[in-house]
Amino acid sequence: MRLVAISPGMSRDAIDYAGLDAGRDCNYWNLDRTLRFEAERAYDEDDREWAAEKLAEWGEIVGNEIAENAAVVDRHGPELHTYDRHGDVVNDVEYHPLQAENERLAYEHGIVADGFRAPPGRDESLGLLHHLLMNGLLSYADPGFACPVAMTGGAALVLEKFDDGALDEFYYGLTARDHEHLIEGAMFLTEKQGGSDVGANETTARPTERTYSGTGAEGKEGTEAEAEADVYELVGEKWFCSNVDAEGTLVLARRPDAPDGTEGLSLFLVPHTAADGELNDQLYRRLKDKLGTISVPTAEVELTGAEGYLIGEPEEGFAYMTEMLNLERLHNAFASVGIMGRALLESKVHAANREAFGETIDQYPLMRRDLVDMAVDYEAAAAFVFAAGEQFERREATEPGTDEHRVAFQLMRALVPVAKHRTGRMAVDTASYACEVLGGNGYVEEFVTERLLRDAQVLPIWEGTSNILSLDLLRALDREDAHEALLPFVQDDLEAVEHPAVLPAAELVEEAFVDFQNALGTLATADRDYAQHEAKQLANLLFDVVTGARLCDHAQHAIEADGDARKALVATWFARTRFGQEDARGITDGEALPDEYFDAIVRYAAVEPDALVPAVTGD
Ligand SMILES: Cc1cc2nc3c(=O)[nH]c(=O)nc-3n(C[C@H](O)[C@H](O)[C@H](O)COP(=O)(O)OP(=O)(O)OC[C@H]3O[C@@H](n4cnc5c(N)ncnc54)[C@H](O)[C@@H]3O)c2cc1C
């Protein structure tokens, strides 16, 4: 086996992680052959080369400046000054200068802009999957900062879809490439009495005689140049407001006489600065003293008559917000992948360098198995979030009313909540175990793993908890018939498998796929309480089956395209650990696939397909 130092090309040689001191001062994109494999398959041919170059530049920036800055910012989080010394409200959030520098680096590199508008030298935007992937890479270094980026993209998406042009200047600010003209997004939904239960929102919106028409000279494509938005005054209390001082904040509130529940909610753009240039009427009461995601300020806000501009039609706010939430949930899933990627990298580097009992610890069978398990989890998470992201983007790109659009919508509805739910939990588990791989150091502030764990812990909570997302899957199956698209999606992946190095894994997934269909059949006729009782079980099974099938499809593709069976090993270990019915927990036959193929799975060494067949078939 040949070893390479950290090289930019997609090499078939193993990566030598001992060449690094830590998972910093390196290029996260070049090192991450898992993400590169997924991107290679997901991007259009026209975009691939351009995007690969940009992502390599971005991986270098995140792995160096942004990672360095993020470590400092975590120790010097934002501070809130609600009042000035005269007792006047100023709502001023003071940031560490390195946070501003990270913002400049990210936005000027197109982290939001390139997803919405054509970057210099190109005719079209790169689309939302590119925006998601860049944010996932950012999460290698700062998952807290990934939150404002996600909400900036989310607010832009809502305005792009539902504003008739009155708020164009906000859209341009949110999608600006230069830092000077940039504004960020935020969303204030949660109130004390309800986060999951958004329909319990009590914030009110009083109509005024005023309208807002902005100052943007040119309209977005398809919007009215002279459009105006009705201005309302919002009163109420919002309990968790991340990126609190954003100029592009979207807020849910109820107009007078609107119905109770989610049907009565309208959506407003509530800027930090009012149209007259004065501070908007609100009080940033205090910042939450949080466990992690320190770089983003999360506040309690009292809306005391703040002006808000109605977006689209009244009482459609929850439907509009759902569009933003889908994107936010995907961002959460890509952020989870970013945290897992960093935790895994730190673990690999440490294990390659740390000596105990006379050897580096990556020579010991039990540690090799740990690293294989972590690496396979990572490949699984990446495969699933890409599948969800691709369907989200396909839905955006296809014509409503067509079959392709319906299928993409149904798949997106099933995959997005599960992606967010499963990867959020996997990120916590991977970050937690990475602390242990680093031993005592892993628990100490100077090593990034403790921050990764603190940051990861919010991923299963915000943007919808695991339970709420599992219930959302039931809704997608019940109301949107998501299974109609999901079952052929899995079947197609499994039918693509031909090579004997992949077939045993595909057979295990096939059996689990039958179980999954039986579970769907049972729940289709079950009463509501029983369906809810099993909702998370179903979401977890869906994740495993879809991921197993995806990995098999990827494995077949890699053999055909590159003559490399490494992915077949990943698919095999995934399927065996999820679906293998082993006696005595597999402690039976002396076979240790992770130990034998450690270099392939953990260090990305290529494997000759035919040579692998005996190991995976047991022949
Ligand atoms: C750091 C941080 C930043 C945040 N930033 C924002 C922000 O910017 N904007 C914003 O709007 N919100 C934000 N949130 C709020 C977050 O989205 C909510 O906290 C989250 O959605 C959960 O809502 P909740 O706190 O009201 O908990 P609850 O809804 O009370 O949930 C409590 C528990 O009950 C469970 N549960 C609820 N209903 C059911 C059910 N029907 N069946 C089974 N279990 C159920 C939940 O899964 C959860 O485990 C933030 C939260 C945090 C921690």
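Both ligands and their constituent atoms are indexed starting at 1 by order of listing. Residues: numbered from 1 along the sequence shown.
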For ligand 1, indicate whether the residue N243 contacts it via side chain, backbone, both or neither (heavy-atom separation under 4.0 Å).
-> neither
Can you find a protein heavy atom under 4.0 Å from atom 32 (C) of ligand 1?
-> no
All heavy atoms of T175 vs all of A113, minimum pair found to be O-CB, 3.3 Å
Protein residue, atom and distance nearest to atom 2 (C) of ligand 1, heavy-atom basis = W462 CE3, 3.6 Å
Would you call L471 a ligand 1 contact, heavy-atom distance under 4.0 Å?
-> yes
At a 4.0 Å threshold, what atoms of ligand 1 neighbour a non-hydrogen atom of E463?
-> 17 (O)
Which one holds for T190 and ligand 1: side chain close, backbone close, both close, or neither close, with close meaning a heavy atom under 4.0 Å?
-> both
So, does K238 sit close enough to ligand 1 that a heavy atom of it is under 4.0 Å from the ligand?
-> no
For K420 and T423, test the side chains for any donor-to-acceptor distance below 3.5 angstrom and give the result as yes or no.
-> no
Taking NZ, NE, NH1 and NH2 as the nitrogens, is one of them in R395 or E323 under 4.0 Å from a carboxylate oxygen of the other?
-> yes
Are the aromatic ring centres of Y284 and H272 under 6.0 angstrom apart?
-> yes
Residues T82, R285; criterion side chain to side chain contact (heavy atoms under 4.5 Å, CB included); working and verdict = CA-CA 7 Å; T82 306; R285 236 171 19 202; over 6 Å; no
Please determine, by modelled atom types, if E315 and S266 share a side-chain donor-acceptor pair under 3.5 angstrom.
-> yes
Any chance the side chains of Y309 and E307 put a donor and an acceptor closer than 3.5 Å?
-> yes
At what distance is the nearest protein heavy atom to atom 51 (C) of ligand 1, and which residue and atom is it?
-> F240 CD2, 3.4 Å
Salt bridge present between E463 and R329 (N-O < 4.0 angstrom) = no
Under-4.0 Å salt bridge between D74 and R454 | yes
Using a 4.0 Å heavy-atom cut-off, say whether L189 meets ligand 1 through its side chain, its backbone, both or neither.
-> both
Tell me, with the steps shown, if K288 and F240 meet side chain to side chain contact (heavy atoms under 4.5 Å, CB included).
-> CA-CA 8 Å; K288 302 284 189 188; F240 276 98; 3.8 Å; yes
Write out the residue and atom name of the closest protein heavy atom to atom 20 (C) of ligand 1, then the distance separating them to 0.1 Å.
-> I461 O, 3.8 Å
Protein contact of atom 4 (C) of ligand 1 - nearest heavy atom, named by residue and atom, plus distance = S242 OG, 3.5 Å
among protein heavy atoms, the one nearest atom 9 (N) of ligand 1 is M187 O, 2.8 Å
Within 45° of the six-membered ring axis of Y320 and under 6.0 Å from that ring's centre, is NZ or CZ of K161 located there?
-> no
Can you pull out the closest protein heavy atom to atom 36 (N) of ligand 1? Residue, atom name and distance to 0.1 Å, please.
-> I468 CD1, 4.4 Å
Atom 29 (O) of ligand 1 sits nearest the protein heavy atom S196 OG, 2.5 Å
State whether the shortest distance between N or O atoms of M151 and N or O atoms of ligand 1 falls below 3.5 angstrom.
-> no
For V458, the ligand 1 atoms with a heavy-atom partner under 4.0 Å come out as 1 (C), 53 (C)
Ligand 1 versus K290, non-hydrogen atoms closer than 4.0 Å: side chain, backbone, both, neither?
-> side chain
Quick one: does NZ or CZ of R422 land under 6.0 Å from the six-membered ring centre of F543, within 45 degrees of the ring axis?
-> yes
N or O pair under 3.5 Å between T298 and ligand 1 | no
Any idea which protein heavy atom is nearest atom 48 (C) of ligand 1, and the distance to it?
-> T465 CG2, 4.0 Å
Ignoring angles and geometry beyond distance, decide whether N467 reaches within less than 3.5 Å of ligand 1 through its nitrogen or oxygen atoms.
-> yes
